Every structure is written in structure tokens, then in C-alpha cells.
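In what follows, a structure is listed as C-alpha cells, so that the remarks can point back to it.
These figures come from a predicted structure and were not determined experimentally. Values below: every heavy atom of this structure, side chains too, minus hydrogens, waters and symmetry copies.
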Amino acid sequence: MKNEHRCLRCERFVGRTYYSSPEGIGYLHLRCMLRNAGLLKRSAIASLVVGTVLTLLNQGDFIFSGHFYGAMFWKVPFTFAVPFVVATWGAVMNCRRVEKS
């Protein structure tokens with residue numbers, strides 16, 4: 001039995017593995033899911049909140065004392081990137097559907 005669902009964004013057939021739209025009104029391909037503005041906005045908000053807390057916990061003493069060191073130029077962006085990736089991954093996996101053959 002072939003899946004007859006079409007992607008809300010690109011209108012192609014979604015295939016065996018597809019994703020419910022975050023709004024719950026249809027289905028998306030993974031590529032289209034990762035471009036969803038609502039999903040990206042929620043992930044960005046989670047990243048700002050969690051990244052700020054982690055940066056203050058891990059690097060706060062250096063930041064407040066004014067002693068910046070070279071590794072902070074890659075540690076701080078990664079501290080914000082990790083929660084963004086985790087929030088996005090969780091949302092995508094929560095919406096994932098696999099049609100049984």
C-alpha cells in the first residue's frame with residue numbers, strides 16, 4: 001500500500017517516512033520540516049534561554065572579571081548551538097511517522 005500523503009510545502013508525495021507538521025494540519029518531508037518557521041523559532045528561543053544559563057554557569061566568572069581567553073570564541077557559540085540542535089532534533093523526532101509496510 002503506497003502512502004498518498006502530499007507534503008504541505010512542496011506538494012510532492014512524502015513517502016514511507018514523513019513528519020506531521022508542527023501545527024498538526026498535514027505532512028512534510030524532512031527537508032521541509034527543517035524549514036518550518038515555527039519549529040526554528042521555538043528552537044531559537046530554547047537556545048537563547050538554555051545557552052545563556054549555560055554560558056553564565058560555565059564562563060560567567062571569566063566574563064564578569066573581564067578576562068576573556070581564546071577558547072571562549074568557540075565555546076560560547078557552541079554553548080548556544082547545542083541546545084538549538086537538541087530542541088530541533090526533539091521536535092523533528094516527535095513529529096516523525098513511519099508507514100508500516
Side-chain angles (χ1 to χ4, degrees):
M1 184 166 131
K2 184 176 169 148
N3 185 344
E4 297 297 326
H5 299 301
R6 288 188 174 267
C7 178
L8 286 175
R9 189 174 185 137
C10 67
E11 298 192 6
R12 292 183 289 184
F13 288 111
V14 293
R16 189 171 164 267
T17 301
Y18 56 94
Y19 302 85
S20 298
S21 68
E23 296 82 17
I25 57 173
Y27 306 101
L28 298 167
H29 290 108
L30 177 60
R31 180 177 349 117
C32 295
M33 177 76 166
L34 292 173
R35 293 180 186 164
N36 183 284
L39 177 128
L40 296 174
K41 182 179 177 183
R42 286 188 298 273
S43 294
I45 291 169
S47 174
L48 286 173
V49 171
V50 175
T52 300
V53 170
L54 289 174
T55 299
L56 291 174
L57 285 172
N58 295 326
Q59 310 298 334
D61 51 341
F62 295 108
I63 292 171
F64 292 126
S65 69
H67 294 100
F68 294 94
Y69 57 98
M72 285 180 69
F73 290 106
W74 63 268
K75 283 185 175 185
V76 172
F78 275 129
T79 303
F80 284 88
V82 168
F84 181 85
V85 171
V86 170
T88 303
W89 179 262
V92 168
M93 288 296 107
N94 188 42
C95 295
R96 184 173 186 239
R97 306 289 179 255
V98 178
E99 195 166 288
K100 298 183 179 69
S101 35

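The side chain to side chain contact (heavy atoms under 4.5 Å, CB included) search around A87 returns S43, A46, not counting sequence neighbours.
The cluster map of Ile, Leu, Val, Met, Phe, Trp and Tyr, joined by side-chain heavy atoms under 4.5 Å apart, puts F84 and V49 in different clusters. Linking Ile, Leu, Val, Met, Phe, Trp and Tyr residues whenever their side-chain heavy atoms come within less than 4.5 Å places L8 and L40 in a single cluster. Connection of L39 to W89 is established within a shared hydrophobic cluster, with ILVMFWY side chains joined at heavy-atom distances below 4.5 Å, either directly or through further cluster members. Under the 4.5 Å side-chain heavy-atom criterion for ILVMFWY residues, a single connected hydrophobic cluster contains both I25 and L30. Cluster membership check: L56 does not share its hydrophobic cluster with F73, using side-chain heavy-atom separations under 4.5 Å among Ile, Leu, Val, Met, Phe, Trp and Tyr.
Contact between T79 and K75 at its shortest, heavy atoms only, is OG1-O, 2.6 Å. For L28 against R9, the heavy-atom pair with the smallest separation is CD2-N, 4.0 Å. Contact record, M72 with P77: O-CD, 3.9 Å, taken as the closest heavy-atom pair.
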**Report entry** Verdict with supporting geometry, L54 and F80, side-chain contact (heavy atoms from CB on, under 4.5 Å)
**Finding:** CA-CA 8 Å; L54 289 174; F80 284 88; over 6 Å; no
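Sorted by first then second residue, the ring-ring contact (aromatic ring centres under 6.0 Å, His included) pairs that include residues 19-66, not counting sequence neighbours, are H5-Y27, Y18-Y27, F62-Y69. Residues in residues 30-50 take part in no ring-ring contact (aromatic ring centres under 6.0 Å, His included) pair, two or more places apart or across chains.
A distance of 12.0 Å separates CZ of R96 from OG of S20, quoted to the nearest 0.5 Å.
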